[in-house]
Q: 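Sharing a structure below in structure tokens format, with a few things to ask.
All ligand and atom numbering here is 1-based and tracks the order in the structure.
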Amino acid sequence: MLDIKQRISEILAEIIPALDSGEIKQMLEYPPNDEMGDVALPCFKLSRILRKSPIQIAEELAGKIPADPKIAKVEAVSGYLNFFLDKEEFVRDVLSTALNKGNEYGSRDMGKGRNIVIDYSAPNIAKPFHVGHLRSTAIGNSLYRIFNFLGYNSIGINHLGDWGTQFGKLIVAYKNWGSKDSIENGGIKELMAIYVKFHEEAEKDPSLEDEARDWFVKMEQGNEEALQLWQWFKDISLKEFQKVYDLLDITFDSQAGESFYEDKMPPVIEELREKNLLTESHGAMIVDLEEYNMPPCLIIKKDGSTLYATRDITAAIYRKNTYDFDKCIYVTGAAQSLHFEQWFKVIELMGYDWHDKLVHVPFGIVSLGGEKLATRKGKVVLLEDILAEAIKKTLKIIEEKNPDMDESEREEIARQMGVGAVVFSDLSNNRIKDVSFSWDEILNFDGETGPYVQYTHARTCSLLKRAETDVDPNFDASLLTTKEEFRVIKTLYLFPDIVVSAMEDLEPSIITRYLVDLAQDFNRFYHEHSILVEDEALKNARLALVLAVKHTLANGLNLIGLSAPERV
Ligand code: ARG
């Protein structure tokens with residue numbers, strides 16, 4: 001497919017000797033409305049270099065542009081140089097590319113041979129899978145898919161929180177207030193309840209904290225009783241997490257959690273020592289980061305136990321050796337930004353030149369009706385409950401819209417759309433922004449939502465089905481002349497670049513926003529024009545457009561981890 005900005009910047013480079021085509025390409029814009037052309041050069045960007053007013057520059061350039069088969073006309077308007085594409089050429093080019101590539105439209109092989117490690121989801125054992133972990137899971141899963149689509153080899157790691165002092169607390173809590181039966185039956189909720197109880201009791205009796213620390217030290221020393229309890233807590237938790245992953249349709253390449261690094265930490269600690277990076281402070285071992293305006297990075301506690309950062313440093317070295325990554329991406333809440341900054345620095349101080357391949361991708365807080373979703377106090381909204389509620393609500397909407405669909409199909413579609421609604425809403429804001437969760441907003445089939453995009457995709461499928469013929473790839477591009485059709489085609493054209501931007505900015509919301517735009521453009525066309533018309537040639541050309549939209553919506557949905565059901 002023709003790169004129109006590229007083509008125009010090459011033409012302009014011939015007549016603006018002061019700049020090369022790459023610099024010009026950066027300046028080109030897609031104007032907000034079609035009357036202002038399809039691509040524009042805002043000439044104020046050249047004023048300083050050419051020492052002329054934007055109006056003068058635009059007019060002079062307009063007079064010098066040579067004829068080009070891809071460009072229908074060029075206009076100078078108030079300091080902008082507006083290019084109008086030859087529509088027929090452009091329509092043919094975009095639609096045939098989208099039709100030929102089908103479910104690969106938008107993909108590239110730019111990442112060939114390069115590994116991208118993505119560390120995401122990472123819930124904590126014996127604690128609930130909450131809405132914050134959903135954000136990590138949804139963003140990480142989307143990045144995983146985007147990198148793969150661009151030819152990279154993504155490696156998804158669920159760095160489970162399955163090691164640390166909290167297990168000492170849990171063991172103490174279990175011994176004091178738990179029972180085998182209540183935990184077998186109550187699962188994570190019961191583990192959570194005794195964990196909360198521990199914190200309440202420890203406020204009154206601080207010696208419980210010491211007891212808990214002792215148990216974690218025992219775990220690190222390989223004490224059998226401690227490890228058996230830990231394994232049991234872990235199995236119970238994993239079983240429940242798996243339910244969520246099944247609903248979300250997510251798998252990982254590795255579930256090596258924090259405990260996996262237990263036997264890999266001693267050599268790393270030794271290495272830190274040899275490199276003279278460890279200093280003692282109040283009995284603990286730290287890496288001093290004062291010079292870098294950061295608090296010290298704690299490596300070993302006074303009682304000899306290791307920490308979250310110790311495991312992250314060890315895991316990064318292990319992953320570099322195992323996967324030789326081009327990037328190692330960590331998707332967590334912004335509250336952990338300092339943690340990552342600190343230990344990335346430690347990796348740099350260790351002399352590893354790949355420290356700059358470690359990337360923290362932070363995100364904002366999720367709230368429900370304005371309330372922060374805390375875990376310590378036990379007031380927490382479980383993701384599983386939210387998903388179940390979303391599916392239930394969607395089922396009701398589908399029953400009303402489509403009463404004669406059979407039950408098992410309806411249930412599967414309700415799962416795909418209910419889960420899709422939650423995930424889409426989670427992804428649709430810039431990830432760093434805090435989000436507030438509202439049922440009415442996320443399930444609105446006419447709003448900027450997952451169900452709206454899925455519904456539009458199903459509409460394209462139903463049109464293609466009702467047409468009862470296959471789309472002839474030799475469609476007549478000259479028949480797609482309405483402004484609504486051209487708008488859809490211009491949006492389709494943008495998709496491959498949108499995918500690259502989402503990858504570069506590590507920002508799935510670029511895709512959600514695009515999908516809403518494309519769905520809106522398509523629906524405007526659908527409402528203004530008949531598609532299944534008498535005229536065979538026109539019908540076929542419009543169906544080609546419908547099919548290209550179907551592929552693009554499906555590909556985009558897939559990149560954010562949503563299903564694209566054919567019917568809703
Ligand atoms: N388990 C942590 C949490 O729930 C997230 C882990 C993120 N990954 C990492 N390598 N630190 O906050």
Q: Assert yes or no for the condition that the ring centre distance of Phe424 to Tyr452 is strictly below 6.0 Å.
A: no
Q: How about Asp162 and Ser259: does a side-chain donor come under 3.5 Å of a side-chain acceptor?
A: yes
Q: Pairing donors with acceptors under 3.5 angstrom, does anything connect the side chains of Lys301 and Thr165?
A: yes
Q: May I have every N or O pair linking ligand 1 to the protein at under 3.5 Å, one per line with atom names and distance?
A:
| residue | atom | partner | partner atom | Å |
| --- | --- | --- | --- | --- |
| ligand 1 | 1 (N) | Ala122 | O | 2.9 |
| ligand 1 | 1 (N) | Asn124 | OD1 | 2.7 |
| ligand 1 | 4 (O) | Ala122 | O | 3.4 |
| ligand 1 | 4 (O) | Asn124 | OD1 | 3.4 |
| ligand 1 | 4 (O) | Asn124 | ND2 | 3.0 |
| ligand 1 | 4 (O) | His133 | NE2 | 2.9 |
| ligand 1 | 8 (N) | Asp119 | OD1 | 3.0 |
| ligand 1 | 10 (N) | Asp119 | OD2 | 2.8 |
| ligand 1 | 10 (N) | Asp312 | OD1 | 2.7 |
| ligand 1 | 11 (N) | Tyr308 | OH | 2.8 |
| ligand 1 | 11 (N) | Asp312 | OD1 | 3.3 |
| ligand 1 | 11 (N) | Asp312 | OD2 | 2.9 |
| ligand 1 | 12 (O) | Gln336 | NE2 | 2.7 |

Q: Return yes if a side-chain donor-acceptor contact under 3.5 Å exists between Tyr308 and Gln336, otherwise no.
A: yes
Q: Would Glu104 and Lys101 pass as an ion pair if we require N to O under 4.0 Å?
A: no
Q: Donor-acceptor pairs under 3.5 angstrom involving side-chain atoms of residues 272-283: please list them, not counting sequence neighbours.
A:
| residue | atom | partner | partner atom | Å |
| --- | --- | --- | --- | --- |
| Lys275 | NZ | Glu271 | OE2 | 2.8 |
| Lys275 | NZ | Met350 | O | 2.9 |
| Thr279 | OG1 | Ile286 | O | 3.4 |

